[in-house]
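So the structure is just underneath, and the comments pick up after that.
We count ligands from 1, going down the list as the structure has it; atoms in each ligand are counted the same way.
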Amino acid sequence: MNSKDIKEYGLNIGYSKVGITSADGFPEYVEKVLARGDKFDILNYTTTNPVLGAMPKKFMPEAKSVIVLILDYFQNDYPEELKKMIGKAYMARCYGPQPGMLAHSRLQLMKDYLANNGCTVDSGIGIPARWAAAQAGVATFGKNNFAFSDDAGSYVIIHTIVVDKELDYDQPTMVSKCPPKCELCMNACPTQAITAPFELDPKRCIAFHNWMTQDGRDSISSFIPYEFREPIGCKIHGCDICQDVCPLNHKKLKAPKSVDRYIEQIAADITLPSILNMTDEFYANRIKPIMYNYIKDKRYFMRNAAIAMGNSKDKAFVKDLAIALTNPDEMIREYAAWALGKIGGMESRQVLESNYAKESSDNVKQAIHQALAEF
Ligand code: SF4
Ligand code: SF4
């Protein structure tokens, strides 16, 4: 088995590109991340810290090569209503794939192929995937901080596998293909999270507020600062805005696609009211099969749905938010109150006033008080 065989096998099982780079490490990446200081302390809350992963020999002393696999996840399309709320990468069910999923099996096939051909294999979890992809010549960086891979644009999932075999390394593609004057992604970002070309303030990104804001972490909690709640809009799990506006993605966006039959089948069930007041069964059957990777408790999806409803200003949601205002979870009540304040109107006001008297939590009372002040 040589480098050509590995690449052909990867293409054979459905990856759109396969590149190979050395496992000597990515010190330049580490330097750049560490230079960002506390902007990137969120890495402490991930199970796969890419600063540690940037030195493969630390977790696999015999490491020689990193095989980088590009998966084009936007070959099927999804209903427009869902695309407004959920990142396409999640609907594709291949980001951090779990056992039992097609993307997991594909990756396992690749690992088995390498192992059956005499390699010691490490899953490469924690390797800075985008950086490795550029080093392996299968992606370039965009100013929006995504990796772009030719016709697939930035709608790619990158998997890495570390092996103990010396292979032929590809020519790096570290030079961006962004037109020098283009700043469309930076201007489109609702939270100004792209602070400079190729620089993200992760704590401003909607994705961070969707899923990193969970309780039980030192410096992060479930509280989403007020300044970010409106810019979040209707996003409940991920944001594609800075990718969808990008001219480098136009070709991919316009390319004819099949419909994803599974997502089509369940789409009608996935609405903001059904998420806001979801049951455990709904969580297991409608949320977890798609959004399984970051949020570990249904309450955070419910909170996100409340924010999306408030931002919609749609009075049809008042009855659902009135139910949420009786939820035993104080956090859900607090966000439901916020949303009713944003929606406004007589009915919202009545719901807030009638619940204020019954409310036992000072935090929620405060939220209701603030919501009523919006009228
Ligand atoms: S994903 Fe959304 S919030 Fe994050 S940088 Fe891109 S446009 Fe901004
Ligand atoms: S929108 Fe423009 S600057 Fe941003 S990633 Fe795309 S090409 Fe680059």
Side-chain angles (χ1 to χ4, degrees), residues 32-33 36 39-40 42-43 45-46 50 70 72-74 78 82-92 95-96 128-131 133-134 138-158 173-213 220 224-255 290-291 293-295 300 303-304 307-308 311:
K32 279 184 186 292
V33 171
R36 304 275 185 93
K39 282 197 177 70
F40 273 79
I42 59 163
L43 295 176
Y45 303 108
T46 60
I70 301 286
D72 171 355
Y73 68 74
F74 194 19
Y78 311 102
L82 290 195
K83 284 195 284 189
K84 287 180 198 160
M85 298 195 286
I86 303 168
K88 292 185 274 294
Y90 307 104
M91 285 189 281
Y95 193 81
R130 294 173 193 177
W131 197 277
V138 285
T140 55
F141 298 119
K143 290 180 198 172
N144 61 1
N145 302 292
F146 281 88
F148 289 75
S149 189
D150 295 344
D151 287 354
S154 60
Y155 305 107
V156 292
I157 300 287
I158 305 166
T173 46
M174 304 301 280
V175 178
S176 173
K177 291 182 178 168
C178 289
K181 290 190 176 155
C182 184
E183 293 191 339
L184 285 169
C185 52
M186 300 172 68
N187 295 335
C189 176
T191 54
Q192 292 83 49
I194 308 168
T195 51
F198 311 106
E199 283 199 15
L200 178 79
D201 180 345
K203 291 176 189 170
R204 296 193 69 85
C205 182
I206 287 172
F208 172 88
H209 292 292
N210 280 165
W211 60 61
M212 290 301 282
T213 47
I220 304 174
I224 297 177
Y226 294 109
E227 65 172 300
F228 291 111
R229 292 192 193 177
E230 285 192 34
I232 283 172
C234 56
K235 308 290 182 199
I236 64 152
H237 195 272
C239 165
D240 285 349
I241 293 171
C242 60
Q243 298 188 79
D244 291 349
V245 298
C246 174
L248 300 178
N249 279 332
H250 281 179
K251 189 174 170 193
K252 181 64 177 172
L253 283 162
K254 286 184 186 154
I290 309 172
M291 295 170 273
N293 42 2
Y294 287 115
I295 299 180
Y300 302 111
R303 172 201 61 187
N304 295 351
I307 292 174
N311 288 330

Quick one: do V245 and N187 satisfy side-chain contact (heavy atoms from CB on, under 4.5 Å)? Show the steps, please. CA-CA 10 Å; V245 298; N187 295 335; over 6 Å; no
Check whether any side-chain N or O of K235 sits under 3.5 Å from a backbone N or O of K84 as a donor-acceptor pair, and report yes or no. yes
Work out which heavy atom in T195 is nearest to a heavy atom in D201; give both atom names and the distance. CG2-CB, 3.8 Å
Please name the pair of heavy atoms, one in M186 and one in I194, separated by the smallest distance, quoted to 0.1 Å. CG-CG2, 3.6 Å
Check: C185 main-chain N/O paired with K143 side-chain donor or acceptor under 3.5 Å: no
Determine yes or no for a side-chain-to-main-chain donor-acceptor pair under 3.5 angstrom, with N144 supplying the side chain and C246 the backbone. no
D244 and K88, any side-chain heavy atoms less than 4.5 Å apart: yes
Which residues pass the side chain to side chain donor-acceptor pair (under 3.5 Å) test with E199, not counting sequence neighbours? none
Within a distance under 2.8 Å of atom 2 (Fe) of ligand 2, the protein atoms of type N, O or S are C182 SG
Please identify which atoms of ligand 1 are closer than 4.0 Å to at least one heavy atom of L200. 5 (S)
Any donor and acceptor pair, going by atom type alone, linking the side chain of K252 with main-chain N or O of F74 inside 3.5 Å? yes
ring-ring contact (aromatic ring centres under 6.0 Å, His included) contacts in which one or both residues fall within residues 174-211, not counting sequence neighbours: Y90-W211, H209-F228, W211-H237, W211-Y294
Atom 2 (Fe) of ligand 1: protein N, O or S atoms that are less than 2.8 Å away, sorted by chain: C239 SG
Quick one: does ligand 1 sit under 4.0 Å from the side chain of N145, the backbone, both or neither, non-hydrogen atoms only? neither
